[in-house]
Amino acid sequence: MAHILPIYMQIQEALRRGIAQSVYKPGERLPSENELAKQFDTTRATVVHAMQGLIADGLINRVRGRGTFVKSPPIVTTVNTHTLGFFEQDLIDSDKTLQYQVLDFSVVPCTEFLQKKLQLSDKESVHKLLRLRFINQQPIALEIRYMPSILALQIERKSLEEQALQLIFEKNLRINIQMISNQVRVALPNQESAKWLNIKRSRPILIRQHSYLTAEKKPVLWGETLYREEYEIHYDSHR
């Protein structure tokens, strides 16, 4: 006799197929819990149980007061610790379009913290770059970067609107980046970051803190990149 799946799993499988076959497209609202309960002749509690499994799998998300929506596919970066790479490399030959929007690029006070991070004297000035990264016209990351003004003044704004910073440093400024030091954490966005990333402050973000270092271990950039939850990092470990 054929094995019959529990109702909650039948609901999950039906929604998985619908999402995979684009019956329900990214960003589209799913049928309500009451509608699904009626369709499958079950209780609302069973539907909620089914939805929780799909939320845990990263396929859908619930927006309070609005309903349940299909999540956009993740934006994936593959990390190989033996090579220097950058986010934009993973978009080459893909069907995704990448754009930048420069929000600010100007001199800021060189605090003791920035002096330490960039190994600067108290007489040197610092530029701050605030830049949004878009994938298919949707904001995916907010870049907050600091660099010595002596380097920043050599960078054209047009380059910042078109290129990855690593490429700008290596090709435009002829600075050979030998190492990128990274630190990753999860946090909730502040009000300004949530606004630029078009998310609620209750939604978690991934924060990558990093420094660009030359062969002489001299830092030429320090900053953070704030990623929406659609962003994923895949990495390989080698023996």
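Computed from a prediction, not measured in an experiment: that's the story for all the values here.
Side-chain contact between Arg133 and Tyr100: present, with at least one pair of heavy atoms (C-beta onward) separated by less than 4.5 Å. In this structure, the side chains of Gln166 and Ile180 come closer than 4.5 Å at one or more pairs of heavy atoms. Within the 4.5 Å cutoff, side-chain heavy atoms of Ile155 are placed close to those of Leu160. A 4.5 Å side-chain heavy-atom check between Leu129 and Leu165 finds at least one atom pair inside the cut-off. In this structure, the side chains of Leu151 and Leu221 stay at 4.5 Å or more apart for every pair of heavy atoms. Under the 4.5 Å side-chain criterion, counting only non-hydrogen atoms from C-beta, Asn61 is in contact with Arg203. Proximity of Leu197 to Leu132: side-chain heavy atoms (C-beta onward) are separated by under 4.5 Å at one or more points. Annotation: side chain of Val126 is not in contact with side chain of Gln115 (no heavy-atom distance under 4.5 Å).
For the side-chain contact (heavy atoms from CB on, under 4.5 Å) test, residues two or more places apart in sequence or in another chain that qualify with Thr111 are Phe113, Leu114. Applying the side-chain contact (heavy atoms from CB on, under 4.5 Å) test to Pro219 and every residue at least two apart in sequence or in another chain returns Gln119, Leu213. The salt bridge (charged side-chain N to carboxylate O under 4.0 Å, His left out) check on Glu156 picks up nothing, with sequence neighbours excluded. With sequence neighbours excluded, the residues satisfying side-chain contact (heavy atoms from CB on, under 4.5 Å) with His127 are Phe105, Val107, Met147, Ser149, Ala152, Leu153. For Arg62, the side chain to side chain donor-acceptor pair (under 3.5 Å) criterion is met by Glu33, not counting sequence neighbours. With sequence neighbours left out, Phe169 forms a ring-ring contact (aromatic ring centres under 6.0 Å, His included) with Tyr212. Applying the side chain to side chain donor-acceptor pair (under 3.5 Å) criterion to Ser22, with sequence neighbours excluded, gives no partner residue.
For residues 51-70, the set of pairs meeting the ring pair (Phe, Tyr, Trp, His ring centres under 6.0 Å) definition, not counting sequence neighbours, is empty. Listed by first then second residue, pairs satisfying salt bridge (Lys or Arg N to Asp or Glu O under 4.0 Å) with a partner in residues 172-194 read Arg185-Glu224, not counting sequence neighbours. Residue pairs that meet the salt bridge (Lys or Arg N to Asp or Glu O under 4.0 Å) test with at least one member in residues 103-117, sequence neighbours left out, do not exist here. Sequence neighbours left out, the pairs with a member in residues 11-27 that pass salt bridge (Lys or Arg N to Asp or Glu O under 4.0 Å) are Glu13-Arg16, Arg16-Asp57.
Atom CZ of Arg44 has 12 or fewer heavy atoms from other residues, nucleotides or ligands within 6.0 Å. Shown here is Lys218, whose NZ atom has more than 12 heavy atoms of other residues, nucleotides or ligands within 6.0 Å.
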### Query
Does the side chain to side chain contact (heavy atoms under 4.5 Å, CB included) test come out yes or no for Asn176 and Thr214, once each step is laid out?
CA-CA 6 Å; Asn176 189 14; Thr214 66; over 6 Å; no

### Message
Assess the residue pair Gln39 and Glu35 against the criterion (side chain to side chain contact (heavy atoms under 4.5 Å, CB included)); give the C-alpha distance rounded to whole Å, side-chain angles, the decisive distance to 0.1 Å, and a yes or no.
### Response
CA-CA 6 Å; Gln39 178 183 339; Glu35 289 170 334; over 6 Å; no

#### Entry: Chi angles and distances behind the side-chain hydrogen bond (donor to acceptor under 3.5 Å, both in side chains) call for Tyr227, Arg208
CA-CA 8 Å; Tyr227 299 94; Arg208 181 175 67 93; 3.3 Å; yes

### Message
Does Arg228 form a side chain to side chain contact (heavy atoms under 4.5 Å, CB included) with Asn198? I'd like the steps, not just the answer.
### Response
CA-CA 9 Å; Arg228 286 175 54 125; Asn198 193 27; 4.2 Å; yes

### Stepwise side chain to side chain contact (heavy atoms under 4.5 Å, CB included) check, Glu229 with Ile205
CA-CA 6 Å; Glu229 61 181 10; Ile205 56 173; over 6 Å; no

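With rounding to the nearest 0.5 angstrom, the NZ atom of Lys123 is 13.5 Å from the SG atom of Cys110. Of the inter-residue distances, the one linking Gln99 atom CD with Glu161 atom CD reads 11.0 Å to the nearest 0.5 angstrom. Taken from OG1 in Thr46 to CE in Met9, the straight-line distance is 13.5 Å, to the nearest 0.5 Å. Between atom OG of residue Ser159 and atom CZ of residue Arg157 there is a gap of 12.0 Å, rounded to the nearest 0.5 Å. Note that the OG atom of Ser211 and the CG atom of Asn182 stand 8.5 Å from one another [nearest 0.5 Å].
Checking side-chain atoms of Gln138 against main-chain N and O of Phe134 turns up no donor-acceptor pair under 3.5 Å. Between the side chain of Glu170 and the main chain of Leu167, no donor-acceptor pair closer than 3.5 Å is present.
Nearest heavy-atom pair, Arg66 versus Arg29, reported as atom, atom and distance to 0.1 Å: O-NE, 3.1 Å. Between Pro139 and Trp196, the shortest heavy-atom distance links the atoms CB-O, 3.8 Å.
Leu226 is not connected to Leu188 by any chain of hydrophobic side-chain contacts under 4.5 Å among Ile, Leu, Val, Met, Phe, Trp and Tyr, and they are in different clusters.
Other residues sharing a hydrophobic cluster with Leu36 under the 4.5 Å side-chain heavy-atom criterion for ILVMFWY residues are Ile7, Ile11, Leu15, Ile19, Val23, Tyr24, Leu30, Phe40, Val47, Met51, Leu54, Ile55, Leu59, Ile60, Val70.
For the side-chain hydrogen bond (donor to acceptor under 3.5 Å, both in side chains) criterion with Thr225, the lone passing option out of Gln209, Arg145, Arg131 is Arg145.
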